[in-house]
Amino acid sequence: MYPRPQKVNTGHLKILTVYCVYLITLIVLMTDEQLIAQLKQRDRNALKTVYLDYKTEFLKFMSRYNVEVNVLEDIFQDALIVLYENAQTGKLDALKSTLKTYLFGTGKFMLFKHFRDGKKEVPTEETYLFDRYEQTVIEDVYEDEGLNEYQAQLVANFKKLGGKCREILELFYLQGMKLDEITQTQGYENKDVAKSQKSRCLKSLKQLIAKNDG
Amino acid sequence: MDKNELIIGYFENSLSPNQLMEFENLLKTDADFAAEVAFQKELQTSLKKEERRELKSMFSDLGEKEVRPKIKVFQLRPWLAAASIALLVGLGSWFLFFNSPDFNTDELYAANFTPYDNVVHPIERGNELEDLKTQMFSAYEVQDYDMWFALLAQLTTEQKDDYFDFYSAIIYMQLDNHEKAIPLLQGYINNNGELDDRATWYLALSHLKQGETKESKEALRMLIEMESFKKKTAQKLLKDLN
């Protein structure tokens, strides 16, 4: 005969389960925090990691909405760009969800926009709550049709500028750093020096455009 | 505040309401000022769009290069590995602090059962829809078990590697359908499947869940003799069952 199973206090198991879930959540959030910090530093490798980690799952998750795969792939790429841009402006610093939830929420937001644009029925589901700023970024990325002729010319001439010029203009216009911060981090003597450097660079850029245009 | 500073303040988002009014006013009345603001805004938009273009081409490159080595035994994400460690620590402390001589098969099962990772068919991201097996293991990884069985039905007999039985059994265990899991595991072990040690472990757990302590202990003894997989855990569980 074998001993009959006896009931034991289930409290222990519950404590254990709660403890494990807590630890696992902590680890996932820690990894997310690290990735967000890297994205903030414009670390494209971190973005690659996010891409590789979630692409399959994202496509699988979104396949329930019956959309062509290439549309979903575009949306996934756009959602990653939103993640990258919002990380840089500090929007993800106090992220309450996981990075995955944010990424998938962004994708869903874009997909529903895709449905609305195509006059298709939009599923009534709870979605991630983005603030107005985040919604603007999502819509901006989603609607980005690429550079127009003039913008392409601007970029081409921008790339001909010297390294120092490209740096200060990128920090200011692309990364949204304030002149004070740029002065500190880039070692300018004072804010006025940084300011006149920026003005000189803009002037050079205009000259380049005028020269190549004429 | 001079015009240049107004523009800088505008981009830095640091203008006071009064300065913002002055800024708006100049936009309407001063054509040079308006042109300068427009130029800088255009530069900002262009740099942003250019960066997005670069990122997208980086993603496309990734999509093409994602071919991974064919055989890869263990493909755990770092956090999954960390989570396993956390689970071990958790279990360890549980055994240390709350160990009790009594046992309950349901609880022992719950404490020991975790679904087995997909180690036989790594998902090659990028060509995920490449073939049925890849689709099946994608379904397995996201726990879409209906999909797994639907796809399994589409495989021909020659395509059916025996490890499909093993993974199907793990799915049945998760669905709490041990009547179906047990024969699959037994068949797999009898055919000397590559993962037979793993299968024996799950067989022991399935019997345990069914309250079939004798069979469970038999499987545990077999597993301990194999000296490969979960030997210590099996010994511990066997001790608990005795």
Side-chain angles (χ1 to χ4, degrees), chain A residues 2-3 5-10 12-13 15-17 19-20 23-24 26-28 30-31 44 47-48 51-53 55-57 59-61 69 73 76-78 80-81 84-85 140-141 144 146-147 150-152 154-155 158 169-170 172-174 176-180 195 198-199 202 205-206, chain B residues 4-5 8 11-14 36 39-40 42-56 58-60 62-63 66 77-79 82-83 86-87 89-91 93-94 97-98 100 102-107 110-111 123 125-126 128-129 138-139 141-142 144 211 213-214 217 241-242:
Chain A
Y2 299 95
Q6 291 162 19
K7 264 277 168 220
V8 291
N9 181 5
T10 54
H12 297 157
L13 203 63
I15 295 170
L16 170 74
T17 316
Y19 173 65
C20 286
L23 274 179
I24 291 166
L26 209 66
I27 288 161
V28 172
M30 256 160 52
T31 321
R44 291 191 180 180
L47 198 59
K48 281 185 191 175
Y51 175 97
L52 292 172
D53 273 354
K55 187 180 174 192
T56 311
E57 206 179 334
L59 294 182
K60 167 83 201 150
F61 176 78
V69 179
E73 279 182 357
F76 182 58
Q77 293 194 359
D78 282 345
L80 284 163
I81 290 173
Y84 183 72
E85 292 187 2
D140 190 46
V141 171
D144 189 345
L147 299 157
Y150 175 65
Q151 291 165 338
L154 241 178
V155 169
F158 176 83
L169 295 180
E170 278 198 349
F172 187 79
Y173 293 105
L174 190 57
M177 264 169 98
K178 294 188 159 74
L179 265 187
D180 278 327
K195 206 192 291 176
K198 179 178 151 296
S199 297
L202 282 175
L205 180 59
K206 285 180 199 157
Chain B
N4 189 26
E5 278 188 25
I8 289 173
F11 279 97
E12 289 184 344
N13 221 351
S14 61
E36 182 59 33
F39 176 75
Q40 294 190 26
E42 198 69 30
L43 174 63
Q44 185 173 47
T45 311
S46 309
L47 290 179
K48 240 185 216 174
K49 286 187 171 184
E50 173 64 9
E51 186 177 48
R52 289 173 186 166
R53 194 190 61 74
E54 284 171 12
L55 291 176
K56 284 193 177 180
M58 177 184 91
F59 294 144
S60 306
L62 272 183
E66 285 162 62
R77 289 193 196 142
W79 71 263
L87 199 70
V89 171
L91 281 175
S93 41
W94 180 56
F97 296 118
F98 303 121
S100 131
D102 297 332
F103 71 91
N104 168 288
T105 50
D106 277 351
E107 285 175 5
I123 306 301
R125 299 165 207 264
E128 53 276 316
L129 298 174
S138 300
E141 288 184 0
V142 299
D144 186 350
T213 332
K214 181 185 164 199
K217 290 204 289 200
L241 288 176
N242 279 323

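Basis for what follows: all heavy atoms, side chains included, without hydrogens, waters or symmetry-related copies. Here is the naming used below: chain letters follow the sequence lines, and residue numbers restart at 1 for every chain.
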Student: Between D180(A), L174(A), L205(A), who has the most heavy-atom pairs with chain B when the cutoff is under 4.5 Å?
Tutor: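 Between D180(A), L174(A), L205(A), the count favours L174(A).
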Student: Can you find a heavy atom in the side chain of D140(A) that is under 4.5 Å from one in the side chain of R52(B)?
Tutor: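 They are in contact (side-chain heavy atoms under 4.5 Å apart), so the answer is yes.
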Student: Quick check on F76(A) against chain B: is it the side chain, the backbone, both or neither that has a heavy atom closer than 4.5 Å?
Tutor: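 No part of F76(A) comes within 4.5 Å of chain B.
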Student: Compare all side-chain heavy atoms of Y84(A) with those of E51(B) and state whether any distance is below 4.5 angstrom.
Tutor: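 Side-chain contact under 4.5 Å: yes.
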Student: Let me know if E36(B) has heavy atoms under 4.5 Å from chain A in its side chain, its backbone, both or neither.
Tutor: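 Looking at E36(B), just its side chain touches chain A.
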Student: Name the member of R53(B), E54(B), E42(B) that forms the most heavy-atom pairs with chain A at distances under 4.5 Å.
Tutor: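 The residue among R53(B), E54(B), E42(B) with the greatest pair count is E42(B).
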Student: What pair of heavy atoms forms the shortest contact from S199(A) to N4(B), and how long is it?
Tutor: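 Heavy-atom minimum between the residues: OG-ND2, 3.5 Å.
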Student: Look at the aromatic rings of F59(B) and Y51(A) and report parallel, tilted or perpendicular, splitting at 30° and 60°.
Tutor: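 Parallel.
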Student: If we only count heavy atoms from C-beta on, is the M58(B) to L47(A) side-chain gap below 4.5 Å?
Tutor: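 Counting from C-beta outward, M58(B) and L47(A) do come under 4.5 Å.
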Student: Taking every heavy-atom pair that is under 4.5 Å apart, which of K195(A), R44(A), K60(A) has the most such pairs with chain B?
Tutor: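 Among K195(A), R44(A), K60(A), the one with the most close pairs to chain B is R44(A).
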Student: Ignoring hydrogens and geometry, is there a side-chain-to-backbone donor-acceptor pair from E12(B) to L179(A) under 3.5 Å?
Tutor: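 Looks like yes, one N/O pair under 3.5 Å.
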Student: Strictly distance-based, threshold 3.5 Å: is any side-chain N or O of Q44(B) a donor or acceptor partner for the main-chain N or O of Y173(A)?
Tutor: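 Confirmed, Q44(B) side chain pairs with Y173(A) backbone.
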Student: So which heavy atom on T56(A) is nearest to which on S138(B), and how close?
Tutor: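 Smallest interatomic distance, heavy atoms only, reads CG2-OG, 4.4 Å.
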Student: Would you mind checking which part of D144(B) comes under 4.5 Å of any heavy atom in chain A, side chain (CB onward), backbone (N, CA, C, O), both or neither?
Tutor: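 For D144(B), side-chain heavy atoms alone lie under 4.5 Å from chain A.
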Student: Answer whether the closest heavy-atom distance between the side chains of K198(A) and I8(B) falls below 4.5 Å.
Tutor: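 They are in side-chain contact.
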Student: Under the rule for side chain to side chain contact (heavy atoms under 4.5 Å, CB included), what residues qualify as partners of K56(B), not counting sequence neighbours?
Tutor: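 Expected list: Q77(A), D78(A), I81(A).
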Student: Show the nearest heavy-atom pair for residues L169(A) and L47(B), with the distance to one decimal.
Tutor: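 Closest approach of L169(A) to L47(B): O-CD1, 4.3 Å.
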